[in-house]
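Input: a single structure, listed below in structure tokens.
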Amino acid sequence: EEQLVETGGGSVQAGGSLRLACEATRFNYCLGWFRQVPGKEREGVASIYTDSGAGKGTTDYADSVKGRFTVSLDNAKNTVFLQMDSLRAEDTGLYYCATGGLRNGICSLRPVQYRVWGRGTEVTVSS
């Protein structure tokens, strides 16, 4: 079973940027980024198809982050990055990456579709 480690979290002012990284021992179909705040359900932020083939690198984003967040894959480093720009206070949360997530040929943003999870990295955005 693959192992995932998230890094890059921190505290930033609204309007600032952070770059998260998810290093994996191996990829498995899709790599998704999720976030959670206390009292709320975990929500999907972005996904990327990591396996070989025509769809490799295909991305999807939650509406709340489109145009601000960018997910990318570095195969040589076995790492997926989440570049977060124009951060808002509502982006605050514990950010996780996870593998799996392939559903009907598309990388899902639903946490229940993912099987292996990292431990998370904390992001705090102050307004």
Side-chain angles (χ1 to χ4, degrees):
E1 182 173 280
E2 59 272 23
Q3 295 183 346
L4 309 173
V5 178
E6 304 95 335
T7 57
S11 296
V12 65
Q13 296 259 341
S17 298
L18 283 173
R19 188 192 196 205
L20 306 184
C22 174
E23 186 173 357
T25 52
R26 68 180 184 97
F27 292 124
N28 186 15
Y29 294 119
C30 307
L31 192 291
W33 281 100
F34 303 85
R35 65 188 180 193
Q36 189 168 22
V37 295
K40 290 191 174 182
E41 292 188 358
R42 193 170 297 187
E43 63 170 342
V45 173
S47 66
I48 186 166
Y49 186 70
T50 55
D51 276 12
S52 300
K56 185 174 182 176
T58 301
T59 58
D60 194 16
Y61 299 91
D63 288 343
S64 59
V65 306
K66 280 180 181 175
R68 301 189 298 121
F69 289 14
T70 304
V71 61
S72 61
L73 169 64
D74 186 333
N75 262 128
K77 296 180 180 180
N78 260 27
T79 299
V80 170
F81 297 98
L82 183 67
Q83 177 67 42
M84 306 188 297
D85 299 318
S86 302
L87 282 162
R88 304 168 181 168
E90 54 263 39
D91 294 319
T92 293
L94 186 59
Y95 281 69
Y96 300 89
C97 62
T99 55
L102 191 67
R103 192 76 174 173
N104 297 323
I106 297 172
C107 290
S108 171
L109 287 176
R110 297 180 63 207
V112 69
Q113 305 292 357
Y114 287 76
R115 191 174 63 89
V116 178
W117 291 79
R119 298 177 67 119
T121 185
E122 190 75 45
V123 171
T124 303
V125 184
S126 55
S127 55

Q: Find out if a path of hydrophobic residues (ILVMFWY) with successive side-chain heavy-atom gaps under 4.5 Å connects Leu18 to Tyr61.
A: yes

Q | Atom OH of Tyr29: over 12 foreign heavy atoms under 6.0 Å | A | no

Q: Mind checking the CG-OG spacing from Leu31 to Ser72? Nearest 0.5 Å is all I need.
A: 10.5 Å

(Q) Under 4.0 Å between a side-chain nitrogen and a carboxylate oxygen: does that hold for Asp91 and Arg88? (A) no

Q.
Quick check: is Trp117 connected to Phe27 through a chain of hydrophobic side chains (ILVMFWY, heavy atoms under 4.5 Å apart)?
A. no

(Q) Please tell me whether Tyr95 and Phe34 are part of a single hydrophobic cluster in this structure, the criterion being side-chain heavy atoms less than 4.5 Å apart. (A) no

(Q) Does this structure show an ion pair linking Lys77 with Glu23, if we count only N-O contacts that are shorter than 4.0 Å? (A) no

Q: Taking the side chain as every heavy atom from C-beta outward, state whether Asn28 and Val116 have any atom pair closer than 4.5 Å.
A: no

Q | Point-to-point distance, once rounded to the nearest 0.5 Å, from NZ of Lys66 to OG1 of Thr59 | A | 9.5 Å

Would you list the atom pairs, donor with acceptor, under 3.5 Å between side chains in residues 1-8 and any protein atom, with sequence neighbours excluded?
from : atom 1 : to     : atom 2 : distance (Å)
Glu1 : OE1    : Arg115 : NH1    : 3.3
Glu2 : OE1    : Arg26  : NH2    : 3.1
Glu2 : OE2    : Thr99  : OG1    : 2.6
Glu6 : OE1    : Arg119 : N      : 3.1
Glu6 : OE1    : Gly120 : N      : 2.8
Glu6 : OE2    : Cys97  : N      : 2.9
Glu6 : OE2    : Gly120 : N      : 3.3

Q.
If you apply the rule side chain to side chain contact (heavy atoms under 4.5 Å, CB included), what do you find for Lys56 with Asn75, and how did you get there?
A. CA-CA 11 Å; Lys56 185 174 182 176; Asn75 262 128; 2.3 Å; yes

Q. So do the side chains of Val80 and Leu82 get within less than 4.5 Å of each other, counting heavy atoms only?
A. no

Q: Report yes if the distance between the aromatic ring centroids of Phe69 and Trp33 is under 6.0 Å, otherwise no.
A: no

Q | Identified side-chain contact (heavy atoms from CB on, under 4.5 Å) partner of Arg35 from the options Val65, Thr92, Val123, Leu94 | A | Val65

Q) What is the minimum heavy-atom distance between Cys30 and Tyr114, and which atoms define it? A) CB-OH, 3.9 Å

Q: Go through the side-chain N and O atoms of Ser17 and Asp85 and say whether any donor and acceptor fall under 3.5 Å apart.
A: yes

Q. Are any of the side-chain heavy atoms of Ile48 and Thr58 separated by less than 4.5 Å?
A. no

Q: Work out which heavy atom in Ser47 is nearest to a heavy atom in Ser108; give both atom names and the distance.
A: CB-O, 3.9 Å

Q | Single-linkage hydrophobic cluster, 4.5 Å side-chain cutoff, Val71 and Leu20 together | A | yes

Q) Do Asp60 and Leu109 touch side chain to side chain, with heavy atoms closer than 4.5 Å? A) yes

Q) Tyr96 versus Cys22: any side-chain heavy-atom pair under 4.5 Å? A) no

**Q.** Ring-face cation contact, Phe81 with Arg19, 6.0 Å cut, 45° max
**A.** yes

Q) Same cluster or not: are Val45 and Val12 linked, directly or through other Ile, Leu, Val, Met, Phe, Trp or Tyr residues, by side-chain heavy atoms under 4.5 angstrom apart? A) yes

